Amino acid sequence: MENEIEHFDFEGARADVRGYCQGTGVKEYHAMIHATNPLMSYIEQLDCVLEAYSRLLETKPGAQAVFKRYFLSDAANQADQVALKDVTDCAKSIIQQAPLDGTKVALWVYLMTDVQTGLTKSGLYSVSHGAYRHYWNGSACNLAANSEYQTRLLFNEYVMQLMEEGCTLKDNAVRTWLFVNDVDLNYGGVVRARNQVFFTQGLKHDTHFIASTGIGGRQQDPNVLCQMDNYAVKGLKPEQVHYLYAPSHLNRTSDYGVSFERGTYIDYGDRRHVFISGTASINNKGQIMYEGDVVKQTRRMWENIETLLNEAGCSFDDVGPMIVYLRDSSDYRVVRALYEERFAGRPYVIVHAPVCRPGWLVEMECMAVKEAEHPEFEAL
């Protein structure tokens, strides 16, 4: 499988792209598109990002978006323009997590070729190829009284959507993202609701959970305390799905009362997909490592993620998109310097988003793809 890294410079925007192509079958691309002129107005920056996306598509014949996430600096004043200007038929996530390079908007887009897409009656976006149907959803939210009730309703609705597609939360959900408005105040309610729903759906510490990121993020409406994005796959056999633990470096999340997997990988006939959950500077006793030192926390975070990737037979060489969350925006320069030293040119974005424990200064999630031969399974 050709793991290609490309860079495109457009007027007012830049795209860093990781492609996974092996000549036959589905081709995949992850692109991070950044506005590059912070002196432009928000509308001008958004127009440059959208134009860069359109021109990027011209370089990838047959590719179409299956998922997009917009990172905004001020969702209350900016989200409507995204909805107005981007009419792409795919799942879209819009969240206030300000890009820390001084611009107002960045975009992560996941592209695939040779797939059929469309909105289902359940409200999930379907991406079909061969035996598999992938379901993406973005920006799910409601206005219940508090974060616990909102999260419970989000998961209950998702369970019903999956049921309508012949799926279950336990057997088909692969990845969730939970964006929590004022995470220091509201994360506890999110955790309680998720634990309760998972228990009722048969997701327990002795079965499995779901790879996830729970992170600070604000929706356009300040009364939304939790927004959820999610991803599920129909058509997988149980033996295609594996969970990552890295016990030398990390503990089970259930040890401190939360319910998500550190990582998940899925084997297809021709490749392996790896989903690394939001990961911070933690040890295998659940303790924060290097409190107050963002440089050491970043390096320990990388070590933890690398250990998870190694458990999946991968390395950072196989990683595509990286999303980096900083609690303190003043740490941006030093963290960016670390990333440029190790990951220059890779598709990553650094955004302002407090991690779920105040002592964690930095967190990162990523996805990886690696060539694999599993003739017992159908290719992606």
Side-chain angles (χ1 to χ4, degrees), residues 32 67-75 79 92-100 106-108 137-141 147-148 150-151 154-155 174-195 209-220 222 224-231 250 253 256-264 275-282 286 288 294 297-298 300-302 304-305 308 321-329 331-332 335 339 348-367:
M32 285 291 183
F67 182 75
K68 289 182 174 182
R69 180 172 297 144
Y70 284 90
F71 305 92
L72 303 180
S73 61
D74 181 8
K92 296 188 194 76
S93 172
I94 303 171
I95 194 68
Q96 180 174 312
Q97 290 180 329
L100 286 175
L107 171 63
W108 164 36
N137 193 35
S139 297
C141 61
S147 64
E148 183 173 349
Q150 288 189 15
T151 306
L154 283 170
F155 274 107
V174 173
R175 184 74 164 86
T176 65
W177 292 263
L178 297 166
F179 301 107
V180 187
N181 189 353
D182 195 346
V183 71
D184 294 335
L185 178 65
N186 292 314
Y187 185 65
V190 172
V191 167
R192 287 191 296 273
R194 178 171 60 182
N195 288 349
F209 296 126
I210 300 169
S212 186
T213 298
I215 197 76
R218 177 169 167 160
Q219 214 253 9
Q220 180 180 21
V224 172
L225 305 179
C226 182
Q227 172 177 306
M228 181 164 71
D229 300 346
N230 44 59
Y231 169 59
L250 299 162
T253 62
Y256 51 92
V258 293
S259 48
F260 69 92
E261 293 294 354
R262 299 294 187 184
T264 300
F275 302 87
I276 302 298
S277 299
T279 303
S281 177
I282 189 173
I288 297 171
V294 74
Q297 284 201 17
T298 299
R300 172 65 189 210
M301 176 185 71
W302 287 344
N304 289 345
I305 292 171
L308 289 166
M322 296 180 282
I323 303 174
V324 186
Y325 305 102
L326 292 185
R327 170 173 283 271
D328 184 349
S329 58
D331 285 330
Y332 170 69
V335 172
Y339 271 81
Y348 74 86
V349 64
I350 304 176
V351 297
H352 181 227
V355 187
C356 61
R357 277 202 235 175
W360 279 326
L361 306 177
V362 57
E363 181 171 298
M364 175 182 140
E365 65 177 70
C366 61
M367 294 171 61

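These numbers come from a predicted model, not from an experiment.
The two residues V355 and Y325 make their nearest non-hydrogen contact at CG2-O, 4.4 Å. Smallest separation of non-hydrogen atoms from A353 and Q97: CB-NE2, 3.6 Å. For C366 against I305, the heavy-atom pair with the smallest separation is SG-CG2, 3.9 Å. Scanning all heavy atoms of the two residues, the minimum distance from V294 to L361 falls at N-CD1, 3.8 Å. Considering all non-hydrogen atoms of both residues, I215 and P354 come closest at CD1-O, 3.5 Å. Considering all non-hydrogen atoms of both residues, H352 and L326 come closest at CD2-O, 3.3 Å.
In this structure, F67 has its ring center closer than 6.0 angstrom to the ring center of W108.
One finds the CD1 atom of I276 at 4.5 Å from the CG atom of L308 (value rounded to the nearest 0.5 Å). In this structure, the separation between CD on Q220 and CG on D74 is 10.0 Å, given to the nearest 0.5 Å. If you take CE on M228 and OG on S93, they are separated by 11.5 Å, rounding to the nearest 0.5 Å. Interatomic distance, CD of Q297 versus OG of S281, reported as 4.5 Å (0.5 Å rounding). Atom CZ of residue R175 and atom OG1 of residue T213 lie 3.5 Å apart, to the nearest 0.5 angstrom. The distance from atom CG of L154 to atom SG of C141, rounded to the nearest 0.5 Å, is 7.5 Å.
Counting only distance, with no hydrogens or angles, the side chain of D229 and the backbone of S139 share a donor-acceptor pair below 3.5 Å. A donor-acceptor pair under 3.5 Å is absent between the side-chain atoms of N186 and the main chain of V180, judged by distance alone. Side chain of Q150 to main chain of C226: a donor-acceptor pair is present (N/O by atom type, distance under 3.5 Å, no hydrogens or angles). Side-chain atoms of S277 come within 3.5 Å of backbone N or O of S212 as a donor-acceptor pair. In terms of modelled atom types and a separation under 3.5 Å, the side chain of Q96 and the main chain of R218 share no donor-acceptor contact.
The side-chain contact (heavy atoms from CB on, under 4.5 Å) test with F71 singles out one residue from L107, I94, I350, I323, and that residue is I323.
V362 has its side chain out of reach of W302: every pair of non-hydrogen atoms, C-beta onward, lies at least 4.5 Å apart.
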Start with the C-alpha distance between V335 and M364, add both sets of side-chain angles, then the distance that settles side chain to side chain contact (heavy atoms under 4.5 Å, CB included), and finish with yes or no.
CA-CA 12 Å; V335 172; M364 175 182 140; over 6 Å; no

Take T176 and F209 through the test side chain to side chain contact (heavy atoms under 4.5 Å, CB included) and record every step on the way to the result.
CA-CA 11 Å; T176 65; F209 296 126; over 6 Å; no

Do F260 and R194 pass the side chain to side chain contact (heavy atoms under 4.5 Å, CB included) test, and can you show the C-alpha distance, the side-chain angles, and the key distance before you say yes or no?
CA-CA 9 Å; F260 69 92; R194 178 171 60 182; 3.9 Å; yes

Show your reasoning for whether side chain to side chain contact (heavy atoms under 4.5 Å, CB included) applies to V191 and Y256.
CA-CA 11 Å; V191 167; Y256 51 92; over 6 Å; no

Criterion side-chain hydrogen bond (donor to acceptor under 3.5 Å, both in side chains) on N304 and T279, from CA distance to verdict
CA-CA 7 Å; N304 289 345; T279 303; over 6 Å; no

